[in-house]
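In what follows, a structure is listed as structure tokens, so that the remarks can point back to it.
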Amino acid sequence: MLRALADCNNFFASCERALNPALQGVPIVVLSNNDGCVVARSAEAKALGIPMGAPFFQVRRLCETHGVHVASSNFEVYGDFSNRVMETLAEHARDIEVYSIDEAFMGFPDLTDEQALALGHSIRNDVLARTGITVSIGLAPTQVLCKLANELSKKDPKTSGVYLMPTDRTKRRELLSTIPVDSLWGVGKGTASRLRAYGVVTVADLAEIEPERIRSFAGVVGERLALEVRGVACHGIVEESSPRQSILSSRSFGSPVTDRGDLTEALAHHAFRASEKLRQDGLVAGTIVAFARTNRHREDQEQRNAEAVIHLDPPTHDGRRMAAAITQAMDAMWIPGFQWKRAGVYLADLSSSVVTQPVLPGLGPAEPVQRRKLMEVMDALNAELGKDAVRLASTGLERTWKPKAERLTKLTNKDATADEAKPEGDSRVKRTRIRFHE
DNA sequence: TCTGGGGTCCTAGGACCC
DNA sequence: TCTGGGGTCCTAGGACCC
């Protein structure tokens, strides 16, 4: 089977540009939540030497000097662009796995080299025409090689954004012997140094070593990598969405929080947000972990992680119950005298909310009907009127703890209609896990 | 002054059982 | 002094990704 990885170029920056055509040719930088770090850069911004992940305050002057357009991240908008890109990709592929907000693996029947390249270019052109987003396409027999091919297509302008991993063995080995093993997908610092210690320096080295030998010093992860770079697929294209195993909602505070009431509000807010995600996926949670952290970058201050683990019996997706449980847990969790920088709620022990067990006499249903209804109504209103249109009083009115987002792109009416044009319902794309990233 | 927010998978080691 | 041998399940933490 032939596979492909389509990956949007400078995705968040490209979305900002698609929203505002006046930004053509202007360097663009998109900031993480709380306007903290650089998480996306247009080609022009990269050329200025603005590094990925840089704290914004370190590159602010550079941006001002060169007239860089700086935007706070707007995930709702990027999510809409993502949907349109993925729907377009799905029309071209036999199978598709949406791997993250800006990339997807696709599966095709076997094709000749010429056909594969032609297909890649037609997909790329179609996505650009329909969404304004440029994608790069890497074609290869396995996902790890697709990833590599994708990087090569980005590096070499001669490829025009589409690169096919050489099918000829000798040519492929020649290529792989020029690529360091630590640039592979799945090889981080730890694995790279272990591999080097055993003389595996290039991707070709990895492709030639016995997979069983690899296993002895790099585990099953190493073994799978070795097989994938040999052209033996270990990862399938996953069309079925696998149920998710955890949910996290957390944010940094715009300024440090020292008040117990503020922290409680923020945690109640995260509990409710996390419960929304639960309900969306038809899940209930058996465990909540509420946590707060001090600023790890402040070496002059004592550090603290405050945490409360709450077991929910029976498991629930009721945001009110969760918020109330957290408010109670604050007695145990609250430590006065610290400047809290970040807080959040983590949900675990997830299971389907569909009740499979018969209700025992005298115990009643797992979740009272009115509560379920209340959540349904809140979700419906928020879907209609916008996020947070209705919320729990315990999550606060003033919300002085809110993160910063001082450079949000204002949406025009035109964008709103584009949003309405979004196809609904039986789209062929099954969203698997969408991870908002970078 | 200012430094993000999600996820998954694997492994090692302890608890526990027979 | 010497003091089984497996197996499973769970959890914490590391590694990695976007």
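It should be emphasised that the depicted structure is a prediction, and the values quoted were computed from it without experimental measurement. A, B, ... follow the sequence lines: proteins, then strands. Residue 1 opens every chain.
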Among A:R230, A:R213, A:R172, A:R173, find the residue that satisfies the salt bridge (Lys or Arg N to Asp or Glu O under 4.0 Å) test when tested with A:E208. A:R173
Distance, rounded to the nearest Å, where A:F11 contributes CZ and C:dC17 contributes P: 21 Å
Ignoring backbone atoms, test whether A:K341 places a side-chain nitrogen or oxygen under 4.0 Å from the OP1 or OP2 oxygen of B:dC2. no
What nucleic acid atoms does A:K404 come within less than 4.0 Å of, heavy atoms only: base, sugar-phosphate, or nothing? nothing
Mind checking if A:S73 touches a base, just sugar-phosphate, or nothing, with heavy atoms under 4.0 Å? nothing
Quickly work out the A:D102 CG to C:dC17 P distance and round it to whole Å. 15 Å
Could A:E44 and A:K46 be called an ion pair, given the rule that one side-chain N must be under 4.0 Å from one carboxylate O? no
OP1 or OP2 of B:dG6 under 4.0 Å from side-chain N/O of A:R251: yes
Looking at A:T142, A:L148, A:V203, which one forms a side chain to side chain contact (heavy atoms under 4.5 Å, CB included) with A:V229? A:V203
Whole angstroms only, please: what is the CZ-P distance between A:R296 and B:dG5? 10 Å
Tell me whether the guanidinium CZ or amine NZ of A:R293 lies under 6.0 angstrom from the six-membered ring centre of A:F291 and within 45° of its axis. yes
Round to a whole Å and report the spacing from CH2 of A:W185 to C1' of B:dC9. 12 Å
Under 4.0 Å: is that the gap between some side-chain N or O of A:T191 and OP1 or OP2 of C:dC16? yes
Residue A:K277, side-chain heavy atoms: nucleotide from B:dG5, B:dG7, B:dT3 that is nearest: B:dG7
How do A:A218 and A:N295 order along DNA chain B: which one's closest nucleotide is nearer the 5' end? A:N295
Name the orientation class of the two ring planes belonging to A:W185 and A:F105 (parallel below 30°, tilted from 30 to 60°, perpendicular beyond 60°). tilted
Below 4.0 Å: OP1/OP2 of B:dG7 and any side-chain N or O of A:R244: yes
Given atom CG of A:D349 and atom P of C:dC10, what is their separation to the nearest angstrom? 10 Å
Would you mind classifying the nucleic acid contact of A:R194 as base, sugar-phosphate or nothing, using non-hydrogen atoms under 4.0 angstrom? nothing
Aromatic plane relationship, A:W340 with A:W334 - under 30° parallel, 30 to 60° tilted, over 60° perpendicular: tilted
Touch check for A:L225, heavy atoms < 4.0 angstrom, all strands: base, sugar-phosphate only, or nothing? nothing
What are the residues of residues 61-69 of chain A, sorted by number, that bring a heavy atom to within less than 4.0 Å of DNA chain B? none
Could you tell me the separation between the CD atom of A:Q303 and the C1' atom of B:dT3, rounded to a whole number of Å? 13 Å
By the 4.0 Å heavy-atom rule, please label A:R342 as base, sugar-phosphate, or nothing. sugar-phosphate
In whole angstrom, give the distance that lies between atom CG of A:N34 and atom C1' of B:dT1. 13 Å
Where the side chain of A:L248 is concerned, which of B:dG6, B:dC9, B:dT3 is the nearest nucleotide? B:dG6
Is the closest basic N to carboxylate O distance between A:D281 and A:K277 below 4.0 Å? no
Counting only side-chain nitrogens and oxygens, does A:S246 get under 4.0 Å of the OP1 or OP2 atom of B:dG6? no
Could you pick out which residue, A:G219 or A:N33, lies toward the 5' side of DNA chain B when each is mapped onto its nearest nucleotide? A:N33
Closest to the side chain of A:F57, out of C:dC18, B:dC2, C:dC16, is B:dC2
Any A:S252 side-chain N or O less than 4.0 Å from OP1/OP2 of B:dT3: no
Closest to side chain of A:V220, choosing from C:dC18, B:dT11, B:dG7: B:dT11
Plane angle bin for A:H269 and A:W401 - parallel if under 30°, tilted between 30 and 60°, otherwise perpendicular: tilted
What is the separation between atom CD on A:E151 and atom C1' on C:dC18, rounded to the nearest whole Å? 13 Å
Between A:F81 and A:R84, is there a cation-pi geometry (under 6.0 Å to ring centre, at most 45° from the normal)? yes
Hunt down the Watson-Crick or G-U wobble partner of B:dC18, both distances under 3.5 Å, from any strand shown, or write none. C:dG5
For B:dC2, does OP1 or OP2 lie under 4.0 Å from any side-chain N or O of A:R298? yes
Could you measure between the two P atoms, the one in B:dT3 and the one in C:dC18, and give it in whole Å? 25 Å
When we call it a touch if two heavy atoms are under 4.0 Å apart, what does A:I247 touch: a base, just sugar-phosphate, or nothing? sugar-phosphate
Have a look at A:Q245 and say if it touches a base, only the backbone sugar-phosphate, or nothing, with a 4.0 Å heavy-atom cut-off. sugar-phosphate
